[in-house]
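What you see below is based on every heavy atom in this structure, not just the backbone, and it leaves out hydrogens, waters and symmetry mates. Just so we're on the same page: letters track the sequence lines, and every chain starts at 1.
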Protein chains: 2
Amino acid sequence: MTGRKDGVTISDVAAAAGVARSSVSRAFTRPDMLSPETVARIKEAAERLGYVPNHTARALSTGRHGNVALIVPDVANPFFPPLIRAAQSEAERFDFCVFLGNTDEDPRQEDKLLGRFAGQVEGVVLVSSRLSDAQIRAHAAMRPLVLVNRDVEGIPRILIDSAPGVSEAVRHLAEIGHRKIVYVSGPPTSWSNKQRRAAVRNSAAKLGIEVETVAAPVPSYEAGKEAVGAILKTGATAAVAFDDLTAQGILAGLIERGIAIPKDFSVVGCDDVLGAATYPSLTTVSNRSVEAGTVALSLLMQMLQTGIAHDVRHMLGTHLVIRNTTTGFVKK
Amino acid sequence: MTGRKDGVTISDVAAAAGVARSSVSRAFTRPDMLSPETVARIKEAAERLGYVPNHTARALSTGRHGNVALIVPDVANPFFPPLIRAAQSEAERFDFCVFLGNTDEDPRQEDKLLGRFAGQVEGVVLVSSRLSDAQIRAHAAMRPLVLVNRDVEGIPRILIDSAPGVSEAVRHLAEIGHRKIVYVSGPPTSWSNKQRRAAVRNSAAKLGIEVETVAAPVPSYEAGKEAVGAILKTGATAAVAFDDLTAQGILAGLIERGIAIPKDFSVVGCDDVLGAATYPSLTTVSNRSVEAGTVALSLLMQMLQTGIAHDVRHMLGTHLVIRNTTTGFVKK
DNA sequence: TATTGACGTGCAACCGGTTGCATGACATGT
DNA sequence: ACATGTCATGCAACCGGTTGCACGTCAATA
């Protein structure tokens, strides 16, 4: 097992081709500066020797390493993987690599990762950041930074606007006969949670139906299931949950208590991460995480290329996806 | 918007502390070589100036950049995120960063990524690789490489051994009265699929019960649902699915046809990625993806530190998790 | 024919650390 | 008092590229 280092450097190629090291460099980065024959000779030699440019060395002298960081609260939350994937393939279009960071929903961990990545990446995408506005601003001052689902003025941000979808959901519930509904809230520091709660309240007020809020501090199946007691106690006949996982837990909790869905109770999720895979299939608000990932990354690339950061605030709309946890409700 | 470069280098610190650059370097990498007072003075200066060592520069001279790559077929498949997360936090223990690669189940993409990462990472973890043995060997010859769920002799590999869990499942099904079962298979090139199919057949043969195989070429909810027709046609009374997603689809398909679960039909999944979140909650084979991620990474770290690659073949056992899609079957 | 400019190439400094070796100060042993 | 050894520190080369500038050649222009 000999092979560790390839060992073929620019000097080797230069020697083989009978030119200076700088010419080899230029043959790859600015071939137009050299005569076509020289370029050909160098490339031939490089090919023959199996030369591969060393990213690290290049990065040291140019300051551009072709890497960006993507930091999310929890890779295992089904909301994020499609976003990650989209961001990654967009990065690849620009020949960039992605560092993935997972913060476990912990701001300290987030800060630590940001520091660890610094100097290895040219820019950062922060998804659903739990940092304070001040911390975010501080990082943004050091390097190009794009936010997803976090609204800090002056910093480019992509926001998935669930308000239209949520409003539509409330209207839908009112139409099929509900007079009192519950919003089952998510993480208190989440921008999306605040936005959804506000959207539920506003639409309900407009439609003249009652709303109460029940807390599910963590967005998970278990938390949803546990919230069912509190939900039923309100006397509401429908629930809008912070996300699909919570909704799925609520579904399970209701079924366990013998409550028929959608006949006796309606449930609406958010983010559409489960597709039609619940039973009954879940009515939910559509999700734009793929676009969010793509846009965030292309925005970052643009910032890197131009060197300027516009104060972009990119909103992505949503809509209601009606399935079988709402239609079929029978008003008493 | 001035701040781009921190600009604080080892030279700045050296000047501030009144020592040579090499002493600053040593203050961080080999403090034992310097007098405690000098170290203190340098660290103080570094702190005051906000000095952060430049990874790229360090990498250039040492050849160690503190990065590893983790390549998976599909981040969005719920099997992988926990593994990714575990690997990432293990990497962090060693102060390493993780590059994440997504191949979209495409061997060409996998090869491309591997090339793109080369020179930026010290080692690679390949999860459920779709490359040929020869390609894997070629890459392994160039740099430290660890495989997960792929069995290539001579290359360190972590294998999640679903055989024990699957065998237990078949025994369980036999015990509650099934005489004929179906294995719903996954991707034909998958090592796990081959292993699971074999385990089902072997145990069934031992217990004297009948097995048929139905193909669901892609592991997904939809594919599972579509397979239901074929499953019922076999006359079997239970299905063991390649994974939980497929099982969930089967569940939905059966319920849609009015077949009561578990009374009339039993379903077993694999990988336990859905928790108890299906209805009825799914009996499945446990998953060791977290350990797989952790072990793969620590193995890689060990290889990097010692420089030697033992021919490790690390098996992680599994067991059956009994929930409500099996118990309650009523034999006719 | 002398002048000018364009063009292709090489030289050498630089990016920000690391590290082998040399040096000088001081302490120890005899 | 002198030889020897230890220890802390500095010098300078090096990792593998990039890039501003200088130089020489050759053709076009005056």
Side-chain angles (χ1 to χ4, degrees), chain A residues 4-46 49-67 95 116 118-122 142-143, chain B residues 4-46 49-67 95 118-122 143:
Chain A
R4 181 59 33 100
K5 278 277 162 209
D6 298 345
V8 183
T9 78
I10 208 171
S11 303
D12 301 331
V13 178
V19 296
R21 299 192 307 140
S22 46
S23 293
V24 179
S25 172
R26 289 194 260 257
F28 289 93
T29 55
R30 306 231 298 272
D32 51 296
M33 282 184 69
L34 268 43
S35 76
E37 306 85 61
T38 311
V39 173
R41 190 150 40 90
I42 293 173
K43 293 225 160 163
E44 184 276 325
L49 270 60
Y51 167 72
V52 180
N54 178 326
H55 256 90
T56 310
R58 191 194 307 247
L60 182 58
S61 57
T62 59
R64 320 206 57 219
H65 11 44
N67 299 327
D95 210 33
R116 177 71 181 77
Q120 303 224 70
V121 299
E122 291 180 44
M142 307 257 280
R143 69 190 59 77
Chain B
R4 182 57 35 96
K5 279 277 163 208
D6 298 346
V8 184
T9 79
I10 209 172
S11 304
D12 301 330
V13 179
V19 297
R21 299 193 307 143
S22 46
S23 294
V24 179
S25 172
R26 289 195 259 257
F28 288 94
T29 54
R30 305 233 298 274
D32 51 296
M33 283 186 69
L34 267 44
S35 76
E37 307 86 60
T38 311
V39 172
R41 191 150 40 90
I42 293 173
K43 293 226 160 161
E44 185 277 326
L49 271 59
Y51 168 72
V52 179
N54 180 325
H55 258 90
T56 311
R58 192 196 307 252
L60 182 56
S61 55
T62 60
R64 321 205 58 218
H65 11 43
N67 299 327
D95 210 35
Q120 303 224 71
V121 299
E122 291 179 43
R143 69 189 59 78

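- A:Thr29 comes within 4.0 angstrom of the backbone, heavy atoms only, and of no base.
- A side-chain N or O of B:Ser35 and one of B:Thr38 form a donor-acceptor pair less than 3.5 Å apart.
- Atom CZ in B:Arg58 sits roughly 5 Å away from atom P in C:dT18 (whole-Å rounding).
- In the helix from C:dT1-D:dA30 to C:dT30-D:dA1, the end axes, each obtained as the rotation axis mapping the C1' atoms of four pairs onto the next four within a five-pair block, lie 50° apart to the nearest 10 degrees.
- Atoms CG (A:Asn54) and P (D:dC14) sit 18 Å apart, rounded to a whole Å.
- Of all heavy-atom pairs spanning A:Ala16 and A:Ala45, the tightest one is CB-CB, 4.2 Å.
- Distance, B:His55 NE2 to C:dT18 P: 10 Å, rounded to whole Å.
- Residues passing the side-chain contact (heavy atoms from CB on, under 4.5 Å) test with A:Leu60 are B:Thr56, B:Ala57, B:Leu60, sequence neighbours excluded.
- By the side-chain contact (heavy atoms from CB on, under 4.5 Å) test, B:Ser61 pairs with no residue at all, sequence neighbours left out.
- Using a 4.0 Å cutoff on non-hydrogen atoms, the parts of residues 36-44 of chain B near DNA chain D are B:Thr38, ordered by number.
- Put simply, A:Ser61 has no side-chain N or O that comes within less than 4.0 Å of OP1 or OP2 on D:dG17.
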Inset, instruction - Under the salt bridge (Lys or Arg N to Asp or Glu O under 4.0 Å) rule, what do A:Glu122 and A:Arg64 come out as? Steps first, then yes or no, please. - result: CA-CA 7 Å; A:Glu122 291 180 44; A:Arg64 320 206 57 219; 2.9 Å; yes
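- The side chain of B:Ser25 places no N or O atom within less than 4.0 Å of a non-bridging phosphate oxygen (OP1 or OP2) of C:dG17.
- Mapped onto DNA chain D by nearest heavy atom, B:Ala20 and A:Phe28 fall at different nucleotides, with B:Ala20 at the one closer to the 5' end.
- For C:dC11, the base has a donor-acceptor partner in the side chain of A:Ser22 [N/O atoms by modelled type, under 3.5 angstrom].
- Rounded to whole Å, the distance from CD on B:Gln120 to P on D:dG16 is 16 Å.
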Provide a list of protein-nucleic acid N or O atom pairs under 3.5 angstrom, restricted to nucleotides 26-28 of chain C.
none

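- Considering all non-hydrogen atoms of both residues, B:Ser23 and B:Leu34 come closest at O-CD2, 3.3 Å.
- Applying the 3.5 Å distance criterion, the base of C:dG17 shares a donor-acceptor pair with the side chain of B:Arg21.
- The CZ atom of A:Arg21 sits 11.5 Å away from the CZ atom of A:Arg26 when rounded to the nearest 0.5 Å.
- When all heavy atoms of A:Ala27 and A:Ile42 are compared, the pair lying nearest together is CB-CG2, 3.7 Å.
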Considering only nitrogen or oxygen atoms on both sides, find all protein atoms under 3.5 Å from nucleotides 21-26 of chain D and state each distance.
none

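- Contact check, A:Ser35 against C:dT9: a side-chain N or O comes under 4.0 Å of OP1 or OP2.
- You'll find that the side chain of B:Thr62 is closest to C:dT18, out of C:dT18, D:dT18, C:dG17.
- A:Thr29 contributes a side-chain N or O that, together with a main-chain N or O of A:Ser25, makes up a donor-acceptor pair within less than 3.5 Å.
- Among all heavy-atom pairs drawn from A:Val24 and A:Val19, the shortest one is CG2-CG2, 3.9 Å.
- Considering only side-chain atoms of A:Leu34, the nucleotide from C:dT9, D:dG16, C:dG10 that sits closest is C:dT9.
- For the atom pair A:Tyr51 OH and A:Ser11 OG, the distance stands at 9.0 Å (nearest 0.5 Å).
- Across the protein-nucleic acid pair, B:Arg30 atom CZ and C:dG17 atom C1' stand 14 Å apart, rounded to whole Å.
- Nearest to the side chain of B:Val19, among C:dG16, C:dT19, D:dG10, sits D:dG10.
- Atom NE2 of B:His65 sits about 11.0 Å away from atom NE2 of A:His55, to the nearest 0.5 Å.
- For B:Ile10, taking side-chain heavy atoms from C-beta onward, the closest of the listed nucleotides D:dG17, D:dT19, C:dT18 is C:dT18.
- The nearest whole Å value for the distance from the CG atom in B:Leu60 to the P atom in C:dG17 is 12 Å.
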